[in-house]
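This report concerns only the one structure given below.
None of these values were measured; they are calculated from a predicted model.
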Amino acid sequence: MEAVLQTRGLLSLPPHPTRVRSLLNPSQGLKHRLFASKPLGLNGLSLSYKRVPSVVAKPNGLSPKEKSFICKAEAAAAADGQPLFGETPTPKFLGIELVTLKKIIPLGLMFFCILFNYTILRDTKDVLVVTAKGSSAEIIPFLKTWVNLPMAVGFMLLYTKLANVLSKKALFYTVILPFIAFFGAFGFLLYPLSNHIHPEALADKLLAVLGPRFLGPLAIMRIWSFCLFYVMAELWGSVVISVLFWGFANQITTVEEAKRFYPLFGLGANIALIFSGRTVKYFSNLRQNLGPGVDGWAISLKGMMSIVVLMGLAICFLYWWVNKFVPLPTRSKKKKEKPKMGTRESLKFLVSSKYIRDLATLVVAYGISINLVEVTWKSKLKAQFPSPNEYSSFMGDFSTATGIATFTMMLLSQFIFDKYGWGVAAGITPTVLLLSGVGFFSLILFGGPLGPTLAKFGMTPLLAAVYVGALQNIFSKSAKYSLFDPCKEMAYIPLDEDTKVKGKAAIDVVCNPLGKSGGALIQQFMILTFGSLANSTPYLGGILLVIVLAWLSAAKSLDSQFTELRREEELEKEMERAAVKIPVMSESGNGSLASGSAETSETSTPSNI
């Protein structure tokens, strides 16, 4: 009589398993006894394999106690993380599966190259637009509001359309290759020709007519190629890091791998910050070794853009290698059939999701908060370091310090995730940003009375503001890279593929510059209302407090939703692991013990268990 459970993935045993157990060698494990390469002769019993028909008989003779034993044995095997019946143990190196290493190492190298480029581009874009003739730090709010944001929205709309017609691989190359081509062309064509293609005479005439209030908007026209570089560098951070890299990482990793390795990505990636900071400083100091009349900044720019192009090509190669040699996880291969949505339908769908709205709140709140402090700091920075090479050299040191601080935070981040979970990790960044921002604004407000005290340490109030603002940026960015970004990317993993792709495009490409533009608009309003940033500092501090509280509230809401989705995904995975075919032991008519594969009856219900 054959005893086979109809429920998928459960082991079926004879009515009296204890008798069979006593006949088998007790020193051998159950898995060894079931999967022995040769049949075991045991007092007239034989162990063989046979396939059970898809329509199976209802088990008879199993008491409820025996059925419970079978279910618990299977569940225990899955809970221990051991291979289930029929699974082959995967090879490991240093306790990590080789398949996982084949994903994690190339992803870490990709992140290194992307952040190496981003550091060079971020430092260079500020030097170009802040120190250019006829421009100043006041151009940044106008750039972020009236140029960067519209281009980001346009890119998101284009990306959403391309995502509907291109494969993921084609979409990746279609997006990243124009960035690489532009940065190469800027270093070797646009910048050397800038004196010929910038309408400086027209800008001077308009400035004389309109007055100094329009210095910022007119500077955008005056140095349009530098502003284009600024926007492309900003989009590299939003598009290549957030959409392309993290979208690809979320596609090929599981939540367990993400929790373990996402924080560690930053360890290697922030070594990139350290090295790229040294690279920027090296090229910025080339001018000291050049003769008179040589444009040292043009030479530095060519060297840095050459490195950006080479790193970009390395990113493309690593992406190709992972796609060719690394298998996707089971979760990624499982696709839900959904109708293709147009741009308007996609935006409606994303806005209707509370999960996506909370994620968007996190990104917008970060953009507003960091921008409230950053523009004021950069205006102080230009006053202290007016030369492009001096400014760039300081930014190189700033990037190196940011890399070291972030590397240290990365070492702590895995402990924070393991000990306190996603919710606490997501709340650290806004807290750090609020406290450090209060310190910076306090120094701006009370810099005058502190002048004599600062003189004792060999610093002026301006230099002190530059250093304190740098520390604020370092602490905020290190918390963002080590905790905020991994938290945000983990939150995408449980989502279905359509929401993941379009949600990331909407949030990371649009909401990121929207946050920065929001901070810029707040500053513009404050300047027009109170006359200067210094006069509006107390109000900026109050706005910063409100933004951070909204940020913390959204993080708390997202934590509960993320935890629920994780539970559902774990349940799905448990069911899939239990769905493997396993040997079924049964008594054959001649008194022998036979084994077969448990087949699933599609009509089985929980009442059959």
Side-chain angles (χ1 to χ4, degrees), residues 125-126 129-130 135-153 212-217 219-220 227 230-231 234 237-238 357-382 429-445 465 468-469 472-473 475-477 479-480 484 507-555:
K125 71 180 176 63
D126 288 335
V129 300
V130 172
S135 180
S136 66
E138 282 71 22
I139 191 179
I140 294 177
F142 293 96
L143 257 178
K144 290 183 176 180
T145 304
W146 309 113
V147 181
N148 192 33
L149 181 60
M151 287 193 67
V153 172
R213 291 178 301 169
F214 291 87
L215 174 66
I220 295 175
C227 294
Y230 185 97
V231 173
E234 285 276 327
S238 301
R357 289 200 308 270
D358 286 337
L359 263 175
T361 301
L362 264 61
V363 175
V364 171
Y366 173 80
I368 293 176
S369 302
I370 195 68
N371 195 68
L372 289 177
V373 182
E374 199 172 38
V375 173
T376 306
W377 173 61
K378 286 177 180 176
S379 67
K380 303 292 181 183
L381 191 59
K382 184 190 178 180
T429 303
T431 304
V432 168
L433 200 150
L434 176 63
L435 296 177
S436 57
V438 167
F440 174 72
F441 281 125
S442 298
L443 184 61
I444 297 296
L445 280 174
V468 172
Q472 190 277 337
N473 271 267
F475 290 141
S476 299
K477 291 182 185 299
K480 177 185 184 289
F484 179 79
I507 290 173
D508 294 332
V509 178
V510 175
C511 293
N512 188 29
L514 182 63
K516 294 178 180 179
S517 299
L521 282 173
I522 291 171
Q523 288 175 325
Q524 292 174 47
F525 174 77
M526 290 292 177
I527 291 171
L528 293 175
T529 304
F530 299 103
S532 68
L533 281 176
N535 294 337
S536 59
T537 297
Y539 304 99
L540 290 175
I543 293 172
L544 184 64
L545 176 62
V546 172
I547 296 296
V548 170
L549 290 178
W551 184 351
L552 291 170
S553 175

Rounded to the nearest 0.5 Å, the CG atom of L372 sits from the CZ atom of F440 at a distance of 11.5 Å
Nearest heavy-atom neighbours spanning I368 and G515: CG1-O, 3.0 Å
Please round to the nearest 0.5 Å and tell me the distance separating atom CG of N473 and atom CH2 of W377. 5.0 Å
Ignoring hydrogens, what is the shortest heavy-atom contact between S369 and A365? Give both atom names and the distance. OG-O, 2.7 Å
OG1 (T429) and CG (L434) are apart, to the nearest 0.5 Å, by 12.5 Å
Please lay out, stage by stage, how L433 and L544 fare under the test side-chain contact (heavy atoms from CB on, under 4.5 Å). CA-CA 9 Å; L433 200 150; L544 184 64; 4.0 Å; yes
Value for CD (Q472) from CG (L435), rounded to nearest 0.5 Å, stands at 10.5 Å
Test of understanding: with salt bridge (Lys or Arg N to Asp or Glu O under 4.0 Å), list the residues that count as partners of K380, not counting sequence neighbours. none
Results of side-chain contact (heavy atoms from CB on, under 4.5 Å) for T361 - residues two or more places apart only: A554
Closest contact, heavy atoms only, P430 versus L552: CG-CD2, 3.5 Å
Value for SG (C227) from CG (L143), rounded to nearest 0.5 Å, stands at 4.0 Å
With side chain to side chain donor-acceptor pair (under 3.5 Å) as the criterion, how do S238 and E234 come out once you've worked through the C-alpha distance, each side chain's angles and the decisive distance to 0.1 Å? CA-CA 7 Å; S238 301; E234 285 276 327; 5.6 Å; no
Which of parallel (below 30°), tilted (30 to 60°) and perpendicular (above 60°) describes F484 and Y366? parallel
Pairwise distance CD1(I522) to OH(Y539) - rounded to 0.5 angstrom: 15.5 Å
State which residues pass side-chain hydrogen bond (donor to acceptor under 3.5 Å, both in side chains) with D126; sequence neighbours excluded, sorted by chain then number. K378
